[in-house]
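Throughout, a chain's letter reflects where its sequence line sits, starting with A, and its residues are numbered from 1. Hydrogens, waters and symmetry mates play no part in the numbers below; they use all other heavy atoms, side chains included.
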Number of protein chains: 2
Amino acid sequence: MSADSLRNSTIPVRIATPMPELSPGAGNLVRLKTACSHCHLREVCLPVGLSREQITQLEQIVYTRRRLKKGETLYRAGDPFRSLYAIRSGFFKARAATPDGRDQVTGFQMAGELIGMDGISHDLHTCDSIALEDSEVCVVPFNMLEDLSIQAPALGHHFHKVMSREIVREHGVMLLLGSMRAEERLAAFLLNLSQRLAARGFSATEFVLRMTREEIGSHLGLKLETVSRAFSKFQDDGMITVKQKHVQILEMDRLRRLLSNGSRNLHE
Amino acid sequence: MSADSLRNSTIPVRIATPMPELSPGAGNLVRLKTACSHCHLREVCLPVGLSREQITQLEQIVYTRRRLKKGETLYRAGDPFRSLYAIRSGFFKARAATPDGRDQVTGFQMAGELIGMDGISHDLHTCDSIALEDSEVCVVPFNMLEDLSIQAPALGHHFHKVMSREIVREHGVMLLLGSMRAEERLAAFLLNLSQRLAARGFSATEFVLRMTREEIGSHLGLKLETVSRAFSKFQDDGMITVKQKHVQILEMDRLRRLLSNGSRNLHE
DNA sequence: GCATCGGGTTGATGCAGATCAGAAACCACC
DNA sequence: GGTGGTTTCTGATCTGCATCAACCCGATGC
């Protein structure tokens, strides 16, 4: 795969299934008979495990989409919470901030992932969600999702799993932030990205980062210079090639070993 | 309040409402007609926002309790997930581990809090939960909770809020781990503990830590020596008094300011 | 009484990563 | 093709916390 074909997307094209183009209405909200049942993400998104009939019900409530240009904000902390968003295409970062202005990227989200769950607790969003490339989300009104979950318990159950998975993911980030050294953090980050891309059918070894070194650093609790140095180190060691945002993993195993040997490095 | 009266509980006694003593059956599982409706934690636990009738329904499914001695494990990573647990009394730590043996305390939980939600995603628990003092939990079978949520949507909605609150809490820990210096972390920890105790009607300024310096350190991404030094520093500065596990906050405001000035200290 | 042990404190030293600084690469736009 | 702004890289220096080590304190047991 050429570097050129990667330039405009984190996600290398898998099979060239041209998506039906939408004629956007006024603004960036699109009303249309969305078909979860035909969406290529149905195996990774909300419909997982639902019957055909239940998916049809889901389509009843997921009837708007929203398009965002790179850099646009999907929601920000303090916004009233009404909907969750299923990412249809593109790439997002979530950013949380302390009252005194410190902030941190709490995660990066890609197609098929459900975001906005931070807002449920207080009916207000508690973090920002920002598109890192031109993106499209399906709007899932939360009260409708709850109502539908009563009629389709499988949906409710799946939703609980999605929330729980977010909690578990955050445990992983806490472990990373609390106990790993810089290179281990970057290795964990790259492996995680690779694995999630692979789960969507894309190359596990070659991809384009949509975020800056600074955003990676913010997520990993490092300064951008440290991230940059770690990238260079990995490249010098022959584990990866990096050319700006284009990353190729040459020796996945060594990356993994770097992680699993971490505790030995530290403790004895 | 004397130090003596605090020795055996993190939570200073509020009003001396003697709890009905249970005669434990065989083992540590107790079957009894639990009365959420009479529990002194009903304002802070699962029943929040439920009607009298709905609470009665909840009592139908919460019919066992489990007692744990200090140091006992409620569940561990890999255990099959069947139930959530509402803490009736006592104090717990949650601990997550990486495949290679690093671990971290992901949080401390006290009476009225619901734990075990990490297990929903894969039907297996993904972290350990360990009692830090003699404790008692109400067992909430998860499939029954889901079933009941269908009949009592307010319960389901509240449960979603509880899960979301856990996600938001973890964002806060990520911010702490990713961007705060040692003393700020400890200040944030103490303020958080204080605020949660106050929410339960206990003193916000005087309490007994149930965890060791090492456990605090593990949670905050610090070594125990650093935690100890920060405690000493706070005491030397006159913000708190520390005597072993007994902590008294003398100047809450200065603790808070230490936090809110943090970003200034760092960035300019 | 004394010995033991886990938890806590305090001091001395080392190092990973932050900070500061400058240059190069890249991009968007005229 | 030039220009200004952003992003990335690399080197030099600084520093906060980890690490190593010694000692103290309170609880428990004999």
Q.
Rounded to whole Å, how long is the line connecting atom CG of A/Leu220 with atom C1' of C/dG17?
A. 14 Å

Q. Could you go step by step and tell me if B/Arg196 and B/Glu113 meet the side chain to side chain contact (heavy atoms under 4.5 Å, CB included) rule?
A. CA-CA 10 Å; B/Arg196 283 155 73 201; B/Glu113 294 178 331; 3.1 Å; yes

Q | Nearest-Å distance for atom pair CG/C1', residues B/Leu186 and D/dC17 | A | 14 Å

Q) For A/Gly221, which contact category applies under a 4.0 Å heavy-atom criterion: base, sugar-phosphate, or nothing? A) sugar-phosphate

Q) Rounding to a whole Å, what distance do you find between A/Arg181:CZ and C/dC15:C1'? A) 9 Å

Q.
How many whole angstroms separate atom CG of A/Leu132 from atom P of D/dT7?
A. 12 Å

Q) Roughly how many Å is it from CZ in A/Arg185 to C1' in C/dA18, rounded to a whole number? A) 12 Å

Look for any protein N or O under 3.5 Å of an N or O in nucleotides 8-11 of chain C and output each such pair with its distance, or none.
unit_1, atom_1, unit_2, atom_2, d
C/dG8, OP2, B/Arg213, N, 2.9
C/dT9, OP1, B/Arg213, NH2, 3.3
C/dT9, OP2, B/Arg213, NE, 2.8
C/dT9, OP2, B/Ser228, OG, 2.9
C/dT9, O5', B/Ser228, OG, 3.2
C/dT10, OP2, B/Ser232, OG, 2.5
C/dG11, N7, B/Arg229, NH1, 2.9
C/dG11, O6, B/Arg229, NH2, 3.1

Q. Do we see a donor-acceptor contact under 3.5 Å between the side chains of A/His171 and B/Gln104?
A. no

Q) What's the shortest heavy-atom distance between A/Ile87 and A/Leu41, and which atoms? A) O-CD1, 3.6 Å

Q | Nearest-Å distance for atom pair NZ/C1', residues B/Lys70 and C/dG7 | A | 11 Å

Q | Nearest non-hydrogen partners of B/Arg102 and A/Leu175, listed with the distance | A | O-CD2, 4.1 Å

Q: Please report the closest heavy-atom contact between B/Gly221 and B/Arg185, naming both atoms and the distance.
A: O-NH1, 3.5 Å

Q: Round to the nearest Å and state the distance from A/Glu215 atom CD to D/dT7 atom P.
A: 8 Å

Q: Using a 4.5 Å cut-off on heavy atoms from C-beta on, say whether the side chain of A/Asp128 contacts that of A/Tyr75.
A: no

(Q) Using whole Å, what does the distance between atom P of nucleotide C/dA16 and atom CE of A/Met180 come to? (A) 18 Å

